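On a predicted model such as this, the values are computed, not experimentally measured, just so you know.
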Amino acid sequence: MSSEPDRTIPDPAWRDANRAMWDERVPIHAASAFYDQDGFRAGGGDVNAFEAAEVGDVTGKRLVHLQCHMGQDTLSWARRGAAEVVGLDFSAPAVEVARGLAADLGLADRASFVAADVYDAREALGGRTFDVVYTGLGALVWLPDMERWAEVAASLVAPGGFLYLAEFHPISNVLDWDTGTRFERDYLTREALVLDEPGSYVDFAAKTESNLSYEWVHSVGTVVSALAASGLRIEFLHEFDWTLFQNFGSLEQAGGRFRQPEGTAKAPLMYSVKASRV
């Protein structure tokens, strides 16, 4: 299968549309119960437990978080003992919120944030490398080219360090809403999914104007192959039969996890990858 990105959407058209969409939603997200920034300032919130377990102890390590949005996961790694964390996001308003949170938490001496496109991360970070390169849930769908992403991300990994990726499984992006068992879209497509929808995942009724966005489905094979081609060694690929959100109407929640009911054909809903530099 070709990993060539969709070239029918010119750059910077897709980038400008996606940035405008995210910029407008930053104040909506910052004020939302979903992100609960007051609770975060009071000590609540953290990275997901499975991510913390798979990444392991970050005490004393340097960590960069790519596509960090408003920086709460970035700052959670600092709370977990990282000596330095750097968050990078292409939304300047999101970076400003993240910087404010770092100051409020007294972490500005160990946490910094950079406004830059992820494809420009190597230059934006001055050629620095890190012990941990972290990318969290919901990031890769906004990028058209996985080989380019992997090359940039790998260049940030210091000798002896690793990249850790946790993502929603691309299978979950192509299945039907009602049952989550039927394909409604091509899993192997390289074409962009073009959306023009108001609101946000934190408030579907929010009134918004910048609603055009572009997303891409990247098969797990495309992502893992791109990382391997970048010179990193794949340590593991884990697939999970549960997710953190109501991706399909049929999913049932138990203990904060959403799964298909017993007796239903199950598809992987999330995955994680660790890839190291020797």
Side-chain angles (χ1 to χ4, degrees), residues 29 34-36 39-40 43-82 85 87 89 111 130-142 146 149-150 153 156-157 161-173 175 180 201-202 217-224 226-228 232-248 250-262 264 266-277:
H29 291 186
F34 182 94
Y35 283 98
D36 187 18
F40 188 76
D46 197 359
V47 294
N48 294 303
F50 79 94
E51 295 177 278
E54 292 187 336
V55 169
D57 186 8
V58 296
T59 301
K61 294 184 178 180
R62 298 161 296 141
L63 179 146
V64 64
H65 179 183
L66 303 180
Q67 296 170 268
C68 69
H69 194 32
M70 299 183 300
Q72 287 175 230
D73 282 351
T74 321
L75 294 169
S76 293
W77 290 115
R79 283 174 163 173
R80 284 183 164 269
V85 297
D89 197 90
F130 298 83
D131 303 307
V132 182
V133 177
Y134 167 75
T135 297
L137 297 166
L140 297 187
V141 294
W142 305 104
M146 281 296 95
W149 167 82
L156 304 175
V157 181
F162 62 88
L163 175 144
Y164 176 80
L165 162 71
E167 254 305 357
F168 298 116
H169 203 289
I171 284 282
S172 67
N173 292 327
L175 298 178
Y201 55 85
V202 307
V217 172
H218 302 295
S219 72
V220 171
T222 295
V223 175
V224 172
L227 289 171
L232 298 181
R233 181 179 66 192
I234 306 301
E235 299 288 343
F236 63 68
L237 163 63
H238 295 156
E239 294 178 291
F240 305 96
D241 68 352
W242 56 272
T243 187
L244 300 173
F245 301 99
Q246 189 78 44
N247 288 58
F248 314 119
S250 59
L251 297 185
E252 296 178 347
Q253 183 180 13
R257 297 180 175 185
F258 292 84
R259 283 188 169 93
Q260 289 282 28
E262 286 299 321
T264 302
K266 293 179 174 63
L269 301 178
M270 293 196 305
Y271 74 101
S272 62
V273 177
K274 182 179 179 181
S276 64
R277 183 176 300 286

Side-chain heavy atoms of [X] within contact of [Y], under 4.5 Å:
| X | Y | answer |
| --- | --- | --- |
| T74 | V64 | no |
| V133 | Y164 | no |
| Q260 | L251 | yes |
| H169 | V220 | yes |
| M270 | L137 | yes |
| V55 | V47 | no |
| Y35 | Q72 | yes |
| F240 | F50 | yes |

**Request:** Using the side chain to side chain contact (heavy atoms under 4.5 Å, CB included) rule, take F258 and L244 through it: C-alpha gap first, then chi angles, then the decisive distance, then the call.
**Result:** CA-CA 6 Å; F258 292 84; L244 300 173; 5.6 Å; no
**Request:** For the pair T222 (side chain) and H218 (backbone), establish whether a donor and an acceptor sit closer than 3.5 Å, ignoring hydrogens and angles.
**Result:**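 Flag not set: sc T222 to bb H218 has no pair under 3.5 Å.
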**Item:** R277 side chain to V157 backbone, donor-acceptor under 3.5 Å
**Value:**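 Flag set: sc R277 to bb V157 pair under 3.5 Å.
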**Prompt:** Do Y201 and H29 have ring centres separated by under 6.0 Å?
**Reply:**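 When the ring centroids of Y201 and H29 are compared, they turn out to be within the sub-6.0 Å range.
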**Prompt:** With a 6.0 Å cut-off on ring centres, are Y134 and W77 close enough?
**Reply:**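 Y134 vs W77: aromatic centres under 6.0 Å.
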**Request:** Decide side chain to side chain contact (heavy atoms under 4.5 Å, CB included) for L156 and L163; before the verdict, give the C-alpha distance in whole Å, the side-chain angles of both, and the deciding distance to 0.1 Å.
**Result:** CA-CA 9 Å; L156 304 175; L163 175 144; over 6 Å; no
**Message:** Applying side chain to side chain donor-acceptor pair (under 3.5 Å) to Q67 and T135, what does each step give before you reach the verdict?
**Reply:** CA-CA 7 Å; Q67 296 170 268; T135 297; 5.4 Å; no
**Contacts of D131 that satisfy side chain to side chain donor-acceptor pair (under 3.5 Å) - sequence neighbours left out** =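 In terms of side chain to side chain donor-acceptor pair (under 3.5 Å), with neighbours along the sequence ignored, D131 is linked to R62.
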**Asked** What do the steps show when you test V273 against V224 for side chain to side chain contact (heavy atoms under 4.5 Å, CB included), and what is the final call?
**Response** CA-CA 8 Å; V273 177; V224 172; 4.2 Å; yes
**Request:** If a pair satisfies salt bridge (charged side-chain N to carboxylate O under 4.0 Å, His left out) and one of its residues is in residues 50-60, list it, with sequence neighbours excluded.
**Result:**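 Residue pairs passing salt bridge (charged side-chain N to carboxylate O under 4.0 Å, His left out), neighbours aside: none found.
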**Message:** Could you tell me if R79 sits above the aromatic ring of F40, with its cationic atom closer than 6.0 Å to the ring centre and no more than 45 degrees from the axis?
**Reply:**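 Yes, R79 sits over the ring of F40.
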**Request:** Evaluate the side chain to side chain contact (heavy atoms under 4.5 Å, CB included) criterion for residues L269 and I171: first the C-alpha distance (whole Å), next the side-chain angles of each, then the deciding distance (0.1 Å), finally the verdict.
**Result:** CA-CA 7 Å; L269 301 178; I171 284 282; over 6 Å; no
**Prompt:** Hey, what's the ring geometry for F236 with H238, parallel, tilted or perpendicular (30° and 60° as the breaks)?
**Reply:**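 Ring orientation, 0 to 90° scale: parallel.
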**Request:** Kindly give the heavy-atom pair with the smallest separation between H69 and D89, and that separation in Å.
**Result:**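 Here H69 and D89 meet closest at N-OD1, 2.8 Å.
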**Prompt:** Is it true that the side chains of S272 and E167 contain a donor and an acceptor less than 3.5 Å apart?
**Reply:**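 The answer is no; no qualifying pair exists.
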